[in-house]
Amino acid sequence: METKRDHSFFEQVYQLVRQIPEGRVTSYGAIARALGNAGSSRMVGWAMRTAHMAKPPVPAHRVVNRIGMLSGKRAFGSSTLMQQLLENEGVEVVDDRVVNFAAVFWAPSTG
DNA sequence: CGTCTGACAATAG
DNA sequence: ACTATTGCCAGAC
């Protein structure tokens, strides 16, 4: 039984991203799938872009693409801010890419 | 109300 | 293995 949410797709993404623990990262596709919108991975990224104006701060810096690349670093204002945030949590980032991505990968779960 | 864009992903060449 | 193209669909203009 799926818990129907009246909130928009964006808010569903926000809530999921907020569940990402520190030192962990996830991919857009993983989030899209968890929301049942597999294939709409672009929407996830689009939601993150507007996530900066979400009420509770969304750790968008913990969300990267499938290869662990900081594709959204541009949205943080500073291209290095996203990397610094990740490194601050213990996530090693080199060349705008998460080191040992599979090890720090966090599997999203709606429930 | 129609069109374009977008922090991706998967497939084909 | 790498590059190019298509699909996805909801927000922004």
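Proteins come first, then strands; the chains are lettered A, B, ... in the order of their sequence lines, and each starts at number 1.
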*Specify the separation, in whole Å, of atom CD of A:Gln12 and atom C1' of C:dC9.*
14 Å
*How would you label the contact of A:Ala47 with the nucleic acid (heavy atoms, under 4.0 Å): base, sugar-phosphate, or nothing?*
nothing
*Base, sugar-phosphate, or nothing: which does A:Ser71 touch, judged by heavy atoms less than 4.0 Å apart?*
sugar-phosphate
*Taking the side chain of A:Ser40 as its heavy atoms from C-beta onward, which of C:dA12, B:dA7, C:dC8 lies nearest to it?*
C:dC8
*Rounded to the Å, how far apart are A:Glu11 CD and C:dG11 P?*
12 Å
*Could you tell me whether A:Glu87 atom CD has more than 12 heavy atoms of other residues or ligands within 6.0 Å of it?*
yes
_Atom-pair distance (OH on A:Tyr14; P on C:dA10), nearest Å_ = 14 Å
*Ignoring the backbone of A:Arg42, work out which of C:dG11, B:dA7, C:dG7 is nearest its side chain.*
C:dG7
*With respect to the side chain of A:Ser41, which nucleotide from C:dG11, B:dA7, B:dC8 is positioned closest?*
B:dC8
_Testing the 3.5 Å rule here: is there a donor-acceptor pair between the side chains of A:Ser8 and A:Tyr14?_
no
*asked:* From CZ of A:Arg74 over to C1' of B:dT5, roughly how many Å is that when rounded to an integer?
replied: 16 Å
*asked:* What is the separation between atom CG on A:Asn37 and atom P on C:dA10, rounded to the nearest whole Å?
replied: 7 Å
*Determine the contact category for A:Arg49: base if any of its heavy atoms lies under 4.0 Å from a base atom, sugar-phosphate if only primed atoms, P, OP1 or OP2 are that close, otherwise nothing.*
base
*Assign each of A:Lys73 and A:Arg33 to its nearest nucleotide of DNA chain B by heavy atoms, then name whichever residue's nucleotide is nearer the 5' end.*
A:Lys73
*Atom CZ of A:Phe10 and atom C1' of C:dA10: how far apart are they, to the nearest Å?*
6 Å
*Distance, rounded to the nearest Å, where A:Arg66 contributes CZ and B:dA9 contributes P*: 7 Å
*Of A:Glu89, A:Gln83, A:Lys73, which meets side-chain hydrogen bond (donor to acceptor under 3.5 Å, both in side chains) against A:His61?*
A:Glu89
*asked:* I'd like to know whether A:Asn100 forms a side-chain contact (heavy atoms from CB on, under 4.5 Å) with A:Val91, so could you lay out the CA-CA distance, the side-chain angles of the two residues, the decisive distance to 0.1 Å, and finally the verdict.
replied: CA-CA 9 Å; A:Asn100 212 353; A:Val91 179; over 6 Å; no
